[in-house]
Each structure stands twice: as structure tokens, then as C-alpha cells.
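Order of appearance sets the numbers: ligands from 1, and atoms from 1 within every ligand.
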Amino acid sequence: MGIVTAIFNQAGGVAKTTLTMNLGYHLALRDRRVLVMDMDPQASLTKALSVDVDALTEDQTIYGPIVDRTELPVVHCPTFGVDLVPSELILSTATPKLAAVMARETRLRQAIAPVRDQYDHILIDCAPTVELLSLLALMAADRVLIPVETQWKAWNAVPEALRTLEAVREARLMFNITEPLTIAGFVPTRYSKTYEDHRATLAELRDRQTGAAAIAPVLEAVPNSTLFGKAFAANVPLALYDKTHKAVGVLKRLAAALDAEERP
Ligand SMILES: Nc1ncnc2c1ncn2[C@@H]1O[C@H](COP(=O)(O)OP(=O)(O)OP(=O)(O)O)[C@@H](O)[C@H]1O
Ligand SMILES: [Mg+2]
């Protein structure tokens with residue numbers, strides 16, 4: 001049964017989508033069957049994987065399964081070697097639409113259940129919010145990967161993320177979801193070793209006494225590079241944009257670390 005990983009941080013622009021597309025690619029390179037899901041109405045992941053969002057009907061996006069309980073729409077993306085459940089701006093209307101719906105919190109979990117056996121990894125790219133769309137993703141997930149920029153002030157977002165996870169764990173019990181929701185790790189992103197501030201932040205995070213490592217593993221830091229934006233704009237993973245870039249090895253090792261964890 002596929003393991004469901006939510007890439008979550010309510011802070012915006014911390015590389016959730018960048019990690020989802022690149023880790024999806026590297027997991028697929030490891031011969032894993034990968035589904036990536038776009039849970040953000042901004043639809044950055046959908047666009048990055050070359051899907052024409054303007055041509056999508058509601059039922060061809062994640063909006064359909066969540067609001068109307070239609071079948072999960074899946075598009076194959078050959079460049080990345082993954083399947084995608086697309087998003088579109090209409091997803092921003094799901095929250096008011098579901099306001100009075102019983103058990104709305106488990107709608108995504110229910111939508112994923114029939115396809116879990118078809119994949120080894122299901123990665124959910126979350127929107128930068130703690131509201132319903134992220135709650136749906138976290139109710140469906142087995143574990144959470146939390147990207148955070150490698151600057152001290154960026155870590156101010158982490159306590160709120162952890163409070164959200166605690167609230168979700170309680171909600172899961174109310175819905176008789178007994179499987180744990182674990183933290184696969186923190187991923188320091190946009191790391192520049194030339195900056196003293198970044199080096200100090202990373203060292204403190206890795207200190208098991210005082211840092212994030214006391215809560216969950218602090219995984220390998222993803223270097224800062226403008227090539228991430230260029231690969232994003234070119235609709236390819238970084239490895240296909242510049243296979244010699246040092247960040248490619250980091251992404252490959254992060255994918256291997258995610259792949260090594262036991263399945264539920
Ligand atoms: N390691 C990196 N080095 C430099 N730029 C990066 C890196 N990772 C991501 N970026 C850039 O940072 C920007 C934000 O990345 P991304 O869209 O992946 O973040 P996000 O967390 O998904 O944002 P949102 O919260 O809006 O969904 C993009 O322009 C992306 O190209
Ligand atoms: Mg994003």
C-alpha cells in the first residue's frame with residue numbers, strides 16, 4: 001500500500017511545490033510508482049507538470065473528488081515519470097462549499113483510498129494555509145515533510161505547523177483514524193553555506209538538545225540556486241535542466257531517505 005506524504009508548511013514560498021515535483025521525479029527514477037497531488041488553488045504543481053489548467057473541467061481536478069465525490073482524476077506526466085491529480089483555482093471555493101457538510105475532513109482520505117494500492121508513494125503538495133485544504137491533506141497523510149528556509153526567522157513558522165499537526169492528530173482520533181501521523185523530517189531549503197546566518201541556523205537546528213532535531217530528523221539541506229526557478233519555468237525537474245548541479249545529488253538522497261522509511 002502506498003505511503004502518503006504531505007509536504008506541508010503554512011508559510012508561503014518555502015519550496016513545497018519545488019520539493020514535491022523534484023522528489024516525485026527522483027522517487028520515480030527509483031522505479032517507484034508515484035502519484036503527486038496538487039492541493040493548492042494556485043495550481044503551481046499542475047502548471048509545473050505542463051498541464052493546461054484553463055482546459056480542465058472541475059471533475060478533472062481535485063475539486064471533483066473533494067466537493068462532488070467524483071472519481072480521482074489522474075494525468076500521466078512522462079517528463080517526471082509520475083501521475084498527477086491536478087488543481088485549479090476553483091479549489092479555492094471548496095471551503096465554503098463544504099462548510100455544512102458532515103465529515104468533510106476525510107473527503108481527500110476517502111478519495112485516495114481506492115488508488116493507494118496502485119502507488120508506492122503519494123505526495124501531496126499543500127497550500128500555504130492551516131485551513132480546510134491543508135486539514136484535508138493532513139487527515140489523508142501518513143507522514144509530513146516540512147520544508148523550511150534556512151534562516152532563523154523562517155523557523156518561527158514551525159511552532160504553528162506543529163500545533164496544526166497536534167490538532168489534526170486529535171481530529172484523526174475523532175474519525176477513528178488510528179494510524180499515526182508522523183514527521184518524516186524538516187528539510188532546510190535555500191541554503192547558502194556562504195552566509196554565516198545560514199550556517200549558524202543549520203548547526204542549531206541539528207543540535208539535538210536545542211534544535212529541530214529534538215522533534216524530528218533534520219534532513220539534508222537543499223542549496224540555494226536560481227536554477228530551481230529556471231527548471232520550474234521550463235516544466236522539468238532540476239536533474240533534467242542541469243544534471244551536474246550539486247542540488248541534484250541532495251534531491252536524490254532525500255528521495256532515498258523518504259523511500260527507506262517503513263510503509264504503514
Ligand atoms: N533551493 C532553492 N533555491 C532557490 N530558489 C528556490 C529553491 N527552492 C525553491 N525556490 C524558488 O522559490 C520560490 C517558491 O518555491 P515554491 O513555489 O516551491 O514554494 P511553495 O512553498 O510551494 O510556495 P507556496 O506556499 O506559494 O505554494 C520559487 O520561485 C522557486 O523556484
Ligand atoms: Mg506551492
Side-chain angles (χ1 to χ4, degrees), residues 5-26 36-51 53 61-62 80 82 84-89 91-92 123-138 141 144-151 153-158 160-161 164 184-195 197-199 201-202 205 218-242 244-255:
T5 308
I7 292 85
F8 169 70
N9 185 337
Q10 76 284 345
V14 296
K16 294 182 289 292
T17 303
T18 303
L19 277 179
T20 306
M21 61 194 259
N22 283 289
L23 293 177
Y25 169 80
H26 284 283
V36 295
M37 305 184 71
D38 193 346
M39 275 299 282
D40 189 346
Q42 296 178 101
S44 312
L45 179 69
T46 305
K47 292 171 193 162
L49 270 58
S50 298
V51 171
V53 288
T61 74
I62 190 61
F80 287 80
V82 304
L84 163 76
V85 178
S87 176
E88 204 269 323
L89 198 54
L91 185 60
S92 61
L123 305 181
I124 309 178
D125 182 21
C126 293
T129 172
V130 289
E131 291 175 2
L132 183 65
L133 293 178
S134 290
L135 179 59
L136 288 166
L138 295 170
V144 186
L145 190 66
I146 306 180
V148 192
E149 276 193 53
T150 323
Q151 287 171 7
K153 72 172 178 11
W155 288 82
N156 292 337
V158 169
E160 189 179 354
T164 302
F186 296 101
V187 183
T189 62
R190 306 192 74 151
Y191 174 63
S192 279
K193 68 170 187 251
T194 50
Y195 294 143
D197 167 36
H198 287 203
R199 290 201 305 276
T201 302
L202 198 55
L205 295 173
V218 176
L219 302 171
E220 196 173 351
V222 180
N224 190 63
S225 167
T226 54
L227 289 195
F228 274 101
K230 289 181 177 161
F232 207 121
N235 306 117
V236 294
L238 181 71
L240 293 184
Y241 195 82
D242 178 358
T244 62
H245 195 278
K246 65 180 175 196
V248 172
V250 177
L251 294 164
K252 201 171 156 184
R253 288 189 291 277
L254 285 173

Could you pull out the N/O/S protein atoms under 2.8 Å of the Mg ion (ligand 2), ignoring any water?
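You should have found Thr17 OG1.
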List every atom of ligand 1 that sits less than 4.0 Å from any heavy atom of [X], numbering the atoms from 1 in the order shown and giving each element.
{"X": "Ala15", "value": "8 (N), 9 (C), 15 (O), 16 (P), 18 (O), 19 (O), 20 (P), 21 (O)"}
{"X": "Gly229", "value": "31 (O)"}
{"X": "Asp40", "value": "27 (O)"}
{"X": "Gly13", "value": "14 (C), 19 (O), 20 (P), 21 (O), 23 (O), 24 (P), 25 (O), 26 (O)"}
{"X": "Thr18", "value": "8 (N), 9 (C), 15 (O), 16 (P), 18 (O), 30 (C)"}
{"X": "Val222", "value": "1 (N)"}
{"X": "Gly12", "value": "25 (O)"}
{"X": "Thr17", "value": "18 (O), 20 (P), 22 (O)"}

Taking [X] for its side chain and [Y] for its backbone only, find out whether a donor-acceptor pair lies under 3.5 Å.
{"X": "Thr189", "Y": "Val222", "result": "no"}
{"X": "Lys16", "Y": "Ala11", "result": "yes"}
{"X": "Thr5", "Y": "Val144", "result": "no"}
{"X": "Gln151", "Y": "Asp197", "result": "no"}
{"X": "Asn9", "Y": "Pro147", "result": "yes"}
{"X": "Lys47", "Y": "Gln42", "result": "yes"}
{"X": "Ser192", "Y": "Thr194", "result": "no"}
{"X": "Trp155", "Y": "Glu149", "result": "yes"}
{"X": "Arg190", "Y": "Asn224", "result": "no"}

Quick check: Phe232 and ligand 1, any N/O pair under 3.5 Å apart?
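It does not: no N or O of Phe232 is found under 3.5 Å from an N or O of ligand 1.
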How far is atom 20 (P) of ligand 1 from the closest protein heavy atom, and which atom is that?
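For atom 20 (P) of ligand 1, the nearest protein heavy atom comes out as Lys16 N, 3.5 Å.
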For the residue pair [X] and [Y], what are the closest heavy atoms and their distance?
{"X": "Pro188", "Y": "Val218", "result": "CG-CG1, 3.8 Å"}
{"X": "Ala255", "Y": "His26", "result": "CB-CB, 3.6 Å"}
{"X": "Val36", "Y": "Gly24", "result": "CG1-CA, 4.4 Å"}
{"X": "Ala48", "Y": "Met21", "result": "CB-SD, 3.8 Å"}

Between [X] and ligand 1, find which residue part has any heavy-atom pair under 4.0 Å and reply side chain, backbone, both or neither.
{"X": "Ser225", "answer": "backbone"}
{"X": "Pro223", "answer": "backbone"}
{"X": "Asn9", "answer": "neither"}

Quick one: does Val14 get a heavy atom under 4.0 Å from ligand 1?
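In this structure, Val14 qualifies as a contact of ligand 1 - some heavy atom is under 4.0 Å.
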Answer with yes or no whether the side chains of Thr17 and Asp125 bring together a donor and an acceptor at under 3.5 Å.
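Checked: Asp125/Thr17 side chains pair up, N/O donor to acceptor below 3.5 Å.
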Atom 29 (O) of ligand 1: any protein heavy atom closer than 4.0 Å
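False for atom 29 (O) of ligand 1.
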Can you confirm whether some protein heavy atom lies under 4.0 Å from atom 2 (C) of ligand 1, or whether none does?
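Yes; the ligand atom in question has protein heavy-atom contact below 4.0 Å.
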Would you indicate which of Gln42, Arg190, Glu149, Met21 comes nearest to atom 26 (O) of ligand 1 when only heavy atoms are counted?
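Going through Gln42, Arg190, Glu149, Met21 one by one, Gln42 has the nearest heavy atom to atom 26 (O) of ligand 1.
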